[in-house]
Amino acid sequence: MSGNNDNMGKAVKDFLAEAEEIVDQLSLDLVGLSDCADTGDCNPDLINSIFRGAHSLKGLAGMFGFTEIADLAHNLENLLDSLRLGKAELSQTTVSVLFDSMELLGSMVRNAGTGVSDTQGIERAVSRINSCLSAPPKADTVSPLARLGISDRILGALTEYEEHRLLENVKKGRNIYSIHASFSLMTFDQDLGELTDLLKQGGEVVSTLPSAGGGLDAGIDFEVLFGSELETAAVTLLVDKDNVIVTCLGGAGEVAADSTVPAAVADGGETVSAPGGEATPGADNSVTAKSFSRTVRVDIGKLDELMNIVGELVLSQSSINEFVDNLRRDGHTSLAAGLSKTAKVLERKLTELQKGVMEIRMIPIGQLFEKMSRIVRKVSREQGKKVELKTFGADTELDKLIVEDISDPMMHIIRNAIDHGIEPPDERISLGKDEKGVIRLSSFQKGNHVVVEVEDDGRGIDVERVKKKAQEKGLIGPADVLSDREAIDLIFLPGFSTSDTVSEISGRGVGMDVVKSNIAAVSGMVDVESRLGSGSTMTITLPITLAIIKALIISSAGRTYALPITSVLETIMVENRDILTVEKKEVIQLREITLPLLRLDRFFETTGMSDILEGFYVVVVGVAEKRLGIVVDDLVGQQDIVIKSMGETFKGFKGISGAADLGDQRTILVLDVGGIINEAMRGNA
Amino acid sequence: MKKILITEDSPTMRSLLASTIESVDDYEIVEASSGFEALRLLPREKVDLIITDINMPDINGLELISYVRNNPNYRHIPLFIVSTESSEKDLEKGLALGANEYLVKPFDPDRLLELLRTYLA
């Protein structure tokens with residue numbers, strides 16, 4: 001539009017980000033809709049907010065030329081419009097059509113611009129949406145609103161939707177009130193927010209019309225239309241403010257409950273100004289007033305840049321400390337003391353800055369849990385199983401990139417839990433279990449890690465069956481003796497699936513091996529525990545962030561490397577005689593496991609062999625369920641490092657994930673533990 | 001420089017409108033992300049033209065139009081609605097309340113600029 005490609009590209013990005021947010025919010029709202037669809041008693045604000053989302057999406061997609069998204073959003077909007085205006089019936093079928101369309105919309109937004117298009121899927125969705133609409137609309141009736149004596153000024157500014165809501169309130173026999181409030185221009189939004197929050201405890205706020213406050217520049221008046229079962233006195237008590245006047249326009253019992261013209265409507269003039277006294281909360285159908293969050297959308301790349309700068313500042317700061325030492329050595333003690341004091345202040349502030357930048361990247365894992373609750377509903381519906389999702393620790397915070405990266409693996413774990421874990425209702429009853437299965441999704445912080453657990457109360461993993469399957473697939477030999485633990489870990493092998501019939505749900509070509517490697521890609525680990533007959537627990541351990549990491553600095557054969565602490569499990573002292581050789585490979589026995597050893601000089605084929613010592617250190621590292629011992633000459637210490645990419649030249653160089661500055665003008669390599677373990681397991685080391 | 005108030009809850013749509021207007025002519029943009037914000041901005045900024053959406057979370061565009069047209073301080077300000085065609089009845093109501101023009105999303109940028117030039121000449 002501006003003819004500037006950069007601007008346009010950014011605008012499209014902004015659009016896609018906003019579109020994704022809208023779809024996420026809508027899917028979440030649909031969960032709420034699904035809960036109330038059976039009773040038919042849905043909060044009108046909820047349906048209206050879903051409608052508004054689809055409406056915005058349509059307008060935006062149209063502007064940016066994403067016609068397929070705009071079309072589907074348009075069809076959804078039609079259906080939602082009919083729902084909110086009471087022209088279509090809300091049922092579980094409708095909710096399921098909405099869910100599926102929203103999921104499709106989500107994938108279209110994610111694939112926008114890639115040229116990938118699911119034309120058939122869209123056609124199917126549109127025809128399903130239209131079939132929900134084909135129910136004959138309720139006959140239009142003569143509006144009974146005219147008799148309420150609402151001023152033309154208010155009626156004229158009601159949207160079609162607000163008019164419908166007003167009518168619904170009248171039909172339900174509620175009293176209709178006009179509530180006049182005067183506020184200062186400085187604080188009106190807060191004051192009005194408080195007023196509507198109070199009102200929502202006792203009924204429905206239909207519309208809010210502003211008008212100039214008595215000709216005063218500093219004031220503003222509002223005319224709030226309110227439908228409630230409460231009597232005038234109770235409403236007056238509810239709002240309890242000097243500047244608020246409650247007027248009853250028409251009442252319960254006086255307006256016929258059917259859609260025909262109502263009988264006589266109240267005299268429309270009973271005015272009571274609010275007296276003092278305690279406010280009494282009304283019916284318990286309080287509505288959450290969504291606050292308008294004050295947020296800024298930032299490209300995460302910019303945060304990475306900031307983080308890099310902070311990292312460099314930390315390094316400069318540490319060279320000041322060296323300078324202080326030099327000064328002191330040369331006898332300038334008072335200068336050194338002054339500088340050292342300043343350096344301390346700088347250090348403290350830098351730590352705060354670093355923490356601040358880190359926090360910007362953090363989002364509560366609850367956002368992921370919400371996505372999962374959709375999956376649970378969808379999959380359990382498809383499978384005819386009853387499943388309840390319980391979530392704990394939704395406010396645990398995690399790097400946004402990590403949350404995004406584990407979204408797919410989590411989804412698969414949940415699908416698996418429902419598909420393979422939770423039994424069908426009749427089977428559960430015959431086992432003496434509650435017919436409703438439970439999936440517990442919990443998250444908590446543990447040191448520098450966040451742990452996410454997915455626990456189900458289903459049938460658990462049948463170890464014998466796993467072993468048998470692994471033998472059939474040739475993954476283990478018939479003579480192999482495996483502990484239960486090792487047997488359960490077989491499910492992480494590529495190509496492993498115990499399901500006898502490949503179901504539509506889990507049989508999507510994604511196995512636990514992919515889940516594991518996706519989690520390992522963000523330096524996470526996954527463990528599984530199972531109790532036959534009573535369920536399994538998947539434990540995912542993740543670093544809190546990837547941007548700045550604590551590293552263990554080690555030296556091996558004259559070279560210094562950094563090992564991300566998140567992958568380090570323990571450090572042990574080993575003597576030469578502890579080393580055993582199995583199939584020409586060095587191993588040590590570490591408690592109950594046999595730990596393969598790796599020597600970095602051999603791995604990187606560097607020269608400068610370390611001295612043959614009697615004893616040396618072994619750093620035990622682990623990614624997912626794999627363990628490896630790295631032989632090192634010395635442990636230098638722990639340090640925060642900012643990993644920097646080494647560019648295209650070193651891409652594909654196995655075992656190195658980047659470089660980091662140590663602050664003393666030295667740049668060292670950061671080891672890619674996952675890569676090293678994979679290479680070592682393949683026998684390349 | 002003429003000042004235009006854009007009231008629109010979608011940040012993307014808002015910045016799209018703003019960049020369309022700013023790209024060509026010498027107009028100053030004031031953005032409101034909700035009807036409330038527009039109410040607060042009106043007495044502070046001397047606005048020459050208002051562009052508003054209809055579906056917004058706090059007060060809707062119709063209520064904003066009614067407010068503007070019933071307030072002697074703002075009654076004369078030209079006002080455009082930018083909304084989708086699905087709210088046809090609402091668009092009609094908006095015109096009845098005194099909106100001068102309406103544009104249907106996806107709007108044609110050239111048409112918007114032409115209208116602006118006409119009303120702000």
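Chain naming here is simple, since letters A, B, ... match the order of the sequence lines and numbering starts at 1 in each.
Heavy atoms closer than 4.5 Å to chain B are found in both the backbone and the side chain of A/Ser207. Only the side chain of A/Leu192 comes within less than 4.5 Å of a heavy atom in chain B; its backbone stays farther off. Both the backbone and the side chain of B/Leu39 come within contact range of chain A, with heavy atoms under 4.5 Å apart.
Most heavy-atom pairs under 4.5 Å with chain B, from the set A/Phe188, A/Phe222, A/Phe15: that is A/Phe188. By number of non-hydrogen pairs under 4.5 angstrom with chain B, the leading residue of A/Thr159, A/Leu60, A/Ile154 is A/Thr159.
Remark: A/Tyr161 engages no residue in a ring pair (Phe, Tyr, Trp, His ring centres under 6.0 Å) (not counting sequence neighbours). By the ring pair (Phe, Tyr, Trp, His ring centres under 6.0 Å) test, A/Phe183 pairs with no residue at all, sequence neighbours left out.
Donor-acceptor pairing under 3.5 Å is lacking for the side chains of A/Asp14 and B/Thr12.
The pair A/Glu163-B/Lys93 counts as a salt bridge, with a side-chain nitrogen and a carboxylate oxygen less than 4.0 angstrom apart.
Shown here for B/Leu97 and A/Gly156, the closest heavy-atom pair between the two residues is CD1-O, 3.6 Å.
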